[in-house]
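Below, chain A is the first sequence line, B the second, and so on; all start at residue 1. Below, each value reflects all heavy atoms present in this structure, side chains not excepted, and no hydrogens, waters or symmetry copies.
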2 protein chains.
Amino acid sequence: MVTGERRARRRGEPLSRERIVEAAIGLLDSAGEGGLTFRALAERLVTGPGAIYWHVTDKDELLSAATDAVVASTMTTDTAGATPQEAVRALALGVFDAIDAHPWIGTHLARDPWRSPVLRVFEHLGRQVRALGVPDTDLFTAASALLNYILGVGGQNAADGRGYGPDANRTEILTTVSDAWEALDPEEYAFTRAVAGQLRDHDDRVEFLAGIDLILTGITARLNPA
Amino acid sequence: MVTGERRARRRGEPLSRERIVEAAIGLLDSAGEGGLTFRALAERLVTGPGAIYWHVTDKDELLSAATDAVVASTMTTDTAGATPQEAVRALALGVFDAIDAHPWIGTHLARDPWRSPVLRVFEHLGRQVRALGVPDTDLFTAASALLNYILGVGGQNAADGRGYGPDANRTEILTTVSDAWEALDPEEYAFTRAVAGQLRDHDDRVEFLAGIDLILTGITARLNPA
DNA sequence: ACCTGAACACCGTTCAAGT
DNA sequence: ACCTGAACACCGTTCAAGT
């Protein structure tokens with residue numbers, strides 16, 4: 001009977017790696033990176049903290065699993081019938097939006113280099129780069145450049161979302177930053193001050209894609225020399 | 001006399017923000033990100049942990065200050081007489097090498113977006129982009145693309161250095177990763193497997209610069225359309 | 001003004017004990 | 001096999017008390 005009661009409390013489902021990762025994602029989304037705690041997780045799953053260690057080795061492994069789950073779900077974009085350029089944009093935007101929705105993955109992607117979540121993105125980018133007609137010797141460089149740019153933006157955006165709280169308005173953030181830039185030392189930060197105004201009415205996604213296009217242009221410029 | 005003894009113990013210098021940051025950098029370099037502890041720092045400075053809080057608000061602020069100090073020192077590269085392209089390469093390489101020497105800044109740069117360390121790099125990149133002749137409306141995009149790529153690579157490299165320990169050989173790491181890639185599922189990771197061989201004899205710095213050149217090509221291709 | 005160090009409120013992780 | 005929850009060894013941070 002006691003066992004029956006416990007089952008009921010946790011909705012009949014027994015503890016499993018899947019349920020743990022799912023709960024971790026929920027915790028990370030609602031409470032941020034600092035919110036993921038074995039104690040909080042245990043409470044959500046109606047167990048003790050020790051139970052989680054039966055299914056998961058580490059907090060690091062748990063974070064990786066959570067990140068992987070989110071990234072994998074965005075990598076399903078259908079790219080059939082699109083040009084390689086369009087496919088790259090779609091892929092990149094998928095990662096961008098995923099980080100926007102789950103800022104914590106941005107931070108973790110940057111620290112978990114060639115493990116599965118990142119590798120997945122690399123693979124799909126690479127296929128499109130190959131479709132672009134890039135010679136074998138340049139494939140790695142081209143795919144890496146795209147990947148690293150995407151991860152770089154992701155890290156920055158994750159930090160933005162973290163630093164200003166999840167409720168903060170994008171335009172509000174941009175205005176704040178823009179104001180701060182305009183107050184910088186005119187000599188030491190001449191360039192930054194000059195572009196501060198452009199920041200104010202900015203679409204992050206558009207800007208992100210403009211960077212992707214810049215790299216794509218660089219890649220294809222090599223293919224058809226003037 | 002007691003005061004005199006204490007002074008002697010800490011080499012006569014009183015506690016100061018500067019000394020704290022300096023000690024923090026030393027701790028981070030020798031013991032990694034996990035090694036920076038207020039207790040360990042206090043021991044190094046021959047005080048109690050509370051004393052540090054008089055000069056520094058936060059652990060986060062301390063990390064920022066440490067990162068800033070390291071980045072600022074690399075931003076002094078003399079770019080006079082160089083072409084903008086050369087200057088961008090020199091700047092980028094400066095950041096790359098700094099992260100190689102202090103892997104912990106890679107992680108922190110990625111999470112500290114528009115604060116001073118990153119802004120410094122952005123400013124200097126921007127000046128060179130402007131020197132390239134990029135029109136005002138595209139300045140921000142071009143400088144951002146370069147910056148984000150650099151930060152992306154930095155984050156990955158920092159993670160590499162962290163995951164494999166500071167003593168690990170670069171070529172050893174590459175061999176390990178390359179082997180792992182070749183063992184991947186042939187269908188799911190067709191592209192990654194195909195380029196795994198290229199990874200084996202790879203120069204990280206050369207590869208990094210190749211990515212920079214790709215973006216530079218993209219930037220200048222816009223200037224002189226075919 | 002600046003430093004001290006005990007104390008508080010947390011962590012991740014382990015492990016004997018249970019079922 | 002799987003779960004429990006107390007316990008261990010740490011953290012960052014605060015704060016009354018000292019000089």
Side-chain angles (χ1 to χ4, degrees), chain A residues 1-24 27-28 31-67 104 107-108 111-112 162-163, chain B residues 1-24 27-28 31-67 104 107-108 111-112 162-163:
Chain A
M1 275 306 147
V2 178
T3 305
E5 271 181 54
R6 278 210 206 91
R7 284 241 177 85
R9 261 194 284 150
R10 71 167 78 112
R11 306 195 201 107
E13 308 146 54
L15 214 49
S16 70
R17 204 187 140 84
E18 209 179 50
R19 276 189 69 225
I20 293 172
V21 171
E22 190 188 327
L27 217 42
L28 285 161
E33 288 178 71
L36 181 61
T37 291
F38 276 86
R39 274 165 247 261
L41 201 54
E43 200 183 359
R44 242 187 205 220
L45 296 164
V46 199
T47 15
I52 297 164
Y53 281 89
W54 185 263
H55 303 271
V56 151
T57 354
D58 227 27
K59 187 176 187 180
D60 225 58
E61 204 226 5
L62 180 56
L63 254 167
S64 279
T67 306
W104 48 274
T107 320
H108 200 256
R111 27 172 63 228
D112 195 32
R162 216 179 36 120
Chain B
M1 273 306 147
V2 178
T3 305
E5 271 182 52
R6 277 210 207 92
R7 283 239 177 87
R9 262 193 284 151
R10 71 168 77 113
R11 307 195 200 106
E13 308 145 54
L15 213 47
S16 70
R17 202 186 141 85
E18 209 178 50
R19 278 190 66 225
I20 292 172
V21 171
E22 191 188 326
L27 217 41
L28 285 161
E33 287 178 72
L36 181 60
T37 291
F38 276 85
R39 274 165 246 260
L41 200 54
E43 199 182 358
R44 240 187 209 220
L45 296 164
V46 198
T47 15
I52 296 165
Y53 281 90
W54 185 263
H55 304 272
V56 152
T57 355
D58 226 28
K59 187 175 187 182
D60 225 58
E61 203 226 7
L62 179 55
L63 254 167
S64 278
T67 306
W104 48 274
T107 320
H108 199 257
R111 28 171 63 231
D112 196 30
R162 215 180 37 120

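With sequence neighbours excluded, the residues that form a side-chain contact (heavy atoms from CB on, under 4.5 Å) with B:Ala40 are B:Leu27, B:Thr37. Partners of A:Arg17 according to the salt bridge (Lys or Arg N to Asp or Glu O under 4.0 Å) rule, which considers only residues two or more places apart in sequence or in another chain, are A:Glu61. The salt bridge (Lys or Arg N to Asp or Glu O under 4.0 Å) check on A:Glu33 picks up B:Arg111, with sequence neighbours excluded. The side-chain contact (heavy atoms from CB on, under 4.5 Å) check on A:Ala24 picks up A:Leu36, A:Leu41, A:Leu62, with sequence neighbours excluded.
Heavy-atom minimum distance, A:Ala51 versus A:Leu15: CB-CD2, 3.7 Å. Scanning both residues, B:Val21 and B:Ala66, for their nearest heavy atoms gives CG1-CA, 3.8 Å. When all heavy atoms of A:Arg44 and A:Ala23 are compared, the closest pair comes out as NH1-O, 3.9 Å. Taking each heavy atom of A:His108 and A:Ser64 in turn, the nearest pair found is CE1-OG, 3.2 Å. Closest of all the heavy-atom pairs between A:Ala42 and A:Pro49 is CB-N, 3.5 Å.
For the OP1/OP2 pair of D:dC2 and a distance below 4.0 Å, the side-chain nitrogens and oxygens of A:Trp54 include at least one atom meeting the criterion. Put simply, B:His55 has a side-chain N or O that comes within less than 4.0 Å of OP1 or OP2 on C:dC3.
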Provide a list of protein-nucleic acid N or O atom pairs under 3.5 angstrom, restricted to nucleotides 7-9 of chain C.
none

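Distance CD1/A:Ile20 to CZ/A:Phe38: 8.5 Å, rounded to 0.5 Å.
Residue B:Phe38 contributes atom CZ, which lies 15 Å from atom C1' of C:dG5 at whole-angstrom precision. The distance between atom CD1 of A:Ile20 and atom C1' of D:dC2, rounded to the nearest whole Å, is 11 Å. Atom OH of B:Tyr53 is separated from atom C1' of D:dA16 by 17 Å (rounded to the nearest Å). In this structure, the CZ atom of A:Arg19 is 13 Å from the C1' atom of D:dC3, given to the nearest Å. For the pair B:Ile52 CD1 and D:dC15 P, the interatomic distance rounds to 18 Å; values are reported in whole Å.
Among the protein residues, B:Leu36 comes within range of the sugar-phosphate backbone only, with heavy atoms under 4.0 Å from sugar or phosphate atoms but none that close to a base.
Taking a pair as Watson-Crick or G-U wobble with both distances under 3.5 Å, DNA chain C forms stems of 3 or more consecutive pairs at C:4-8 with D:12-16, C:12-16 with D:4-8.
Here the options are B:Leu28, B:Thr107, B:Asp58, B:Val56, the test is side chain to side chain contact (heavy atoms under 4.5 Å, CB included), and the partner is B:Leu63; only B:Leu28 passes.
In the set C:dC3, D:dC3, D:dT14, the nucleotide with an atom closest to the side chain of A:Leu15 is D:dC3.
Of all the residues in residues 56-64 of chain A, not one reaches under 4.0 Å from DNA chain D with any non-hydrogen atom.
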